[in-house]
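Here the structure is a predicted model, which means the values were calculated and not measured.
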Amino acid sequence: MLNITMPDGAVRQTEKGSSAHDVALSISSGLARQILTATWNGESVEIHDPLPGDGSLIFYTWDSDEGKQAFWHSGAHLLAQTVLHFYPNALLTIGPSIENGFYYDVDFQGEPFGEGNFLELEKQMLEFAREKAAFTKRSVSKADALATYADNPFKTELIENLEDGSITFCDHSQFTDLCRGGHIPNTGLIKAIKILKVAGAYWRGDEKRPQLTRIYGIAFPKAKLLTEHLEMLEKAKERDHRKLGKELELFTFSKKVGMGLPLWLPKGAELRERLEQFLKKAQKKAGYQPVITPHIGNKELYVCSGHYEKYGADSFQPILTPQEGEEYLLKPMNCPHHCEIYKSKPRSYRDLPVRYAEFGTVYRYEQSGELHGLTRVRSFTQDDAHLFCMPDQLLEEFNKVIDLVLYIFKVLDFQDYTAQISLRDPEKPEKYLGDLANWDKAEAAIIEASESKGLKTVTEVGEAAFYGPKLDFMVRDALGRKWQLGTIQVDYNLPERFELEYKGADNETHRPVMIHRAPFGSMERFIAVLIEHCGGNFPLWLTPTQVSILPISEKYNDYAQELVNLLEKSDIRALVDARNEKVGRKIRDAEVQKIPFMLIVGEKEVSTGEVAVRRHGLGDIGTMSHDAFATLVQAEVDKELTV
């Protein structure tokens with residue numbers, strides 16, 4: 001008999017040779033029908049494969065991320081099968097699941113493929129799905145795997161990098177694919193399919209290598225779920241930060257300036273400035289000191305930090321100066337500069353912790369095909385800070401940073417978030433710097449801090465930064481999409497590489513521990529997510545223009561300007577729409593601009609000293625004095641900022 005430990009700690013016994021499905025069936029037939037995938041001692045297993053021995057078993061249904069990923073990964077296999085059905089000469093490469101669906105990269109060998117082919121693919125995929133073919137995994141020797149894909153250089157390259165004895169294929173129906181596993185029981189569970197888009201993608205993300213066709217799709221166990229997803233995508237189009245950024249005149253891009261280099265327009269600059277001032281105020285209360293560092297640095301600075309070794313290929317080319325042999329880089333990271341600031345004078349244990357904060361602009365050479373609005377750019381500003389503390393101060397300082405991140409989320413109404421504990425991959429030590437004992441201490445500190453704060457967490461092995469583990473905040477927006485916003489990292493390694501020191505109470509020198517943190521992450525990405533989260537309807541305290549004053553004719557423009565001046569005394573941002581347009585047109589335009597309040601000004605308002613107030617999305621909310629209106633606005637702002 002096998003001893004099976006369930007997530008609640010209960011131990012069930014089952015006969016040797018039993019599968020995860022057999023265990024589920026022994027609990028209830030309903031559960032067995034819902035199970036999509038499972039993990040055995042943390043490793044993905046196929047539902048119908050025999051369990052290898054005693055161990056821990058976890059089931060996943062459609063309601064879990066793991067269940068969806070297995071479902072969509074299986075959908076990618078179905079897509080690949082269908083591509084070969086219509087294009088037998090096509091070369092398959094890779095087909096992973098992604099956050100919402102899957103894709104497959106294909107070399108069509110010159111044959112045309114585009115949106116006109118989507119419908120036939122969808123129909124045939126559903127035909128194949130109805131066969132209810134089981135997904136089965138089998139081990140293959142390296143020689144046999146290479147022989148199978150002798151005519152496919154892409155698969156051959158993948159196999160060459162795998163160890164013999166670790167290679168597996170997945171079969172369903174008459175189709176086989178190189179795959180590590182993680183599938184649903186059979187194709188019949190797939191009831192609805194949609195091919196979403198097609199794009200170009202370079203093999204292994206390298207512009208110097210062949211360009212492939214990337215086909216994106218999604219699949220669901222019910223047609224209703226597909227309908228709901230497509231409705232969500234339509235809503236997302238309306239909230240797309242690129243569309244709203246243009247309509248609200250927040251930012252733009254210029255080919256002459258360069259791809260991935262955003263230009264902030266006046267309204268966008270105001271929005272960004274208010275976010276910065278909001279965080280600077282919170283940081284000042286928390287004991288941070290502002291610093292400013294240059295946009296370039298000597299190449300040796302980043303060699304010392306390890307960034308050049310790890311990310312040199314993603315940096316802009318070194319800048320050569322008139323001095324022979326001298327090389328500078330556009331700054332890819334702020335942390336090496338902050339290490340040098342710390343090192344600028346002797347430190348005592350009485351000085352620690354030291355907290356340096358900077359809105360520092362950095363530069364990364366992202367591939368052109370990966371650039372996307374403000375979410376993927378080549379120039380971005382991080383709300384960066386680096387804390388230097390003694391080891392016994394680490395936990396307290398880390399907890400304070402968590403408090404700051406959660407305060408920001410509350411004010412900006414990000415209510416649904418998960419803290420991801422990102423750890424090193426013990427199987428790939430070459431990816432990381434430093435001593436294993438220090439890594440253990442850093443990881444333990446993050447886990448302890450997360451537990452003490454009662455955070456809802458997930459753990460991802462292999463997602464640590466090269467210099468230390470981190471706590472990443474994964475936020476779901478108003479449409480349920482997941483974004484990574486905010487990160488806190490523990491680092492024992494950069495202080496070692498930069499030889500940072502402080503004199504302890506024992507009069508001996510010691511190394512400080514370093515905390516990297518960026519609650520927004522980057523201003524560009526954060527603002528993009530914020531735009532889509534609130535659909536451009538920013539909180540009143542943040543919106544660039546809070547009030548639009550609409551005179552019903554030109555003779556009331558002077559009075560409207562007087563109102564602007566009065567409101568400015570109450571720190572309320574207002575403008576006059578003095579265009580020679582009917583007031584109805586002005587109201588419609590203010591609604592499109594998502595300006596929170598509109599004040600209608602005419603003869604009656606001039607004579608009574610009152611204003612007719614309209615609220616964006618609500619319409620007329622009554623007439624009141626400008627003092628009463630100012631009080632209303634201030635009360636709403638105070639409420640938004642009080643959490």
Side-chain angles (χ1 to χ4, degrees), residues 247-250 264-282 284 411-413 527 530-531 534-643:
E247 292 176 358
L248 301 179
E249 300 178 1
L250 299 176
W264 291 90
L265 304 178
K267 291 180 181 178
E270 286 186 30
L271 176 74
R272 175 172 164 156
E273 176 67 18
R274 293 195 176 280
L275 276 173
E276 287 190 12
Q277 292 303 320
F278 162 68
L279 183 53
K280 284 179 179 178
K281 183 178 179 181
K284 187 174 182 180
V411 170
L412 293 169
D413 196 34
I527 289 174
L530 183 61
I531 290 170
C534 64
N537 294 300
F538 301 111
L540 186 58
W541 69 270
L542 184 59
T543 191
T545 302
Q546 295 170 316
V547 183
S548 181
I549 301 175
L550 314 178
I552 63 174
S553 73
E554 292 181 1
K555 65 180 181 179
Y556 303 115
N557 286 353
D558 290 343
Y559 178 69
Q561 188 58 51
E562 289 178 20
L563 285 174
V564 169
N565 297 336
L566 287 169
L567 292 173
E568 283 181 350
K569 292 179 181 178
S570 299
D571 198 28
I572 295 171
R573 301 181 292 281
L575 58 77
V576 177
D577 185 346
R579 295 176 300 162
N580 186 22
E581 297 280 0
K582 292 182 178 180
V583 72
R585 171 64 183 273
K586 294 181 180 181
I587 290 172
R588 286 194 298 274
D589 290 347
E591 289 283 349
V592 170
Q593 285 289 310
K594 303 184 187 296
I595 296 175
F597 288 101
M598 290 150 269
L599 304 184
I600 314 300
V601 175
E603 182 65 38
K604 178 182 176 183
E605 287 72 32
V606 171
S607 62
T608 63
E610 295 184 328
V611 289
V613 184
R614 293 182 63 88
R615 190 67 161 95
H616 171 63
L618 296 178
D620 185 9
I621 62 172
T623 301
M624 63 189 75
S625 69
H626 59 74
D627 285 340
F629 173 71
T631 300
L632 183 150
V633 173
Q634 290 169 330
E636 184 169 334
V637 167
D638 290 343
K639 182 179 179 181
E640 289 177 343
L641 292 173
T642 303
V643 294

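- A donor-acceptor pair is defined here as one N or O able to donate and one able to accept, closer than 3.5 Å; such a pair exists between the side chain of Gln593 and the backbone of Glu247.
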Given side-chain contact (heavy atoms from CB on, under 4.5 Å), test Phe597 with Ile572 step by step and report yes or no. CA-CA 11 Å; Phe597 288 101; Ile572 295 171; over 6 Å; no

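- Applying the salt bridge (Lys or Arg N to Asp or Glu O under 4.0 Å) criterion to Arg614, with sequence neighbours excluded, gives no partner residue.
- The structure places CG of Leu632 at 9.0 Å from CG of Leu540, a figure rounded to the nearest 0.5 Å.
- Distance check: Gln546 CD to Leu575 CG gives 11.0 Å after rounding to the nearest 0.5 Å.
- The minimum heavy-atom distance linking Ser607 with Lys604 is given by the pair OG-O, 2.9 Å.
- Remark: Asn557 engages Pro551, Glu554, Ala578 in a side chain to side chain contact (heavy atoms under 4.5 Å, CB included) (not counting sequence neighbours).
- In this structure, Asp589 CG and Met598 CE are separated by 11.0 Å, a value rounded to the nearest 0.5 Å.
- In this structure, the separation between CG on Asp577 and CD1 on Ile595 is 8.0 Å, given to the nearest 0.5 Å.
- To the nearest 0.5 Å, the span separating CZ on Arg588 from CZ on Arg585 amounts to 6.5 Å.
- With contacts defined as side-chain heavy-atom distances shorter than 4.5 Å, the pair Leu248/Lys267 does not qualify.
- Here CG of Leu542 is found 13.0 Å from CZ of Arg272. Values are rounded to the nearest 0.5 Å.
- The nearest pair of heavy atoms linking Pro544 to Phe538 is CD-CD1, 4.4 Å.
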Could you list the donor-acceptor pairs under 3.5 angstrom formed between side-chain atoms of residues 558-569 and any protein atom two or more places apart in sequence or on another chain?
unit_1 : atom_1 : unit_2 : atom_2 : d
Gln561 : NE2    : Asn565 : OD1    : 3.4
Asn565 : ND2    : Gln561 : O      : 3.4

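- Judged as a side chain to side chain contact (heavy atoms under 4.5 Å, CB included), and not counting sequence neighbours, the contacts of Leu641 are Phe278, Val411, Trp541, Val637.
- Side-chain atoms of Arg573 come within 3.5 Å of backbone atoms of Thr543 as a donor-acceptor pair (strictly under, hydrogens ignored).
- Proximity of Leu412 to Leu275: side-chain heavy atoms (C-beta onward) are separated by under 4.5 Å at one or more points.
- For Asp413, the CG atom counts as densely surrounded, since its 6.0 Å shell holds more than 12 non-hydrogen atoms of other residues, nucleotides or ligands.
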Working for side-chain contact (heavy atoms from CB on, under 4.5 Å), residues Thr623 and Val613: CA-CA 6 Å; Thr623 301; Val613 184; over 6 Å; no

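- Contacts classified as salt bridge (charged side-chain N to carboxylate O under 4.0 Å, His left out) and involving residues 616-643 (residues at least two apart or in different chains) are given here: Arg615-Glu636.
- Formation of a donor-acceptor pair under 3.5 Å by the Lys586 side chain with backbone atoms of Ile600 is not found in this model.
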Candidate pair Lys280 and Gln277, rule side-chain contact (heavy atoms from CB on, under 4.5 Å), full reasoning: CA-CA 5 Å; Lys280 284 179 179 178; Gln277 292 303 320; 4.0 Å; yes

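- Within the 4.5 Å cutoff, the side chain of Leu599 has no heavy atoms near those of the Glu605 side chain.
- When the side chain to side chain donor-acceptor pair (under 3.5 Å) test is applied to His616, the partners found at least two apart in sequence or on another chain are Asn537, Glu591.
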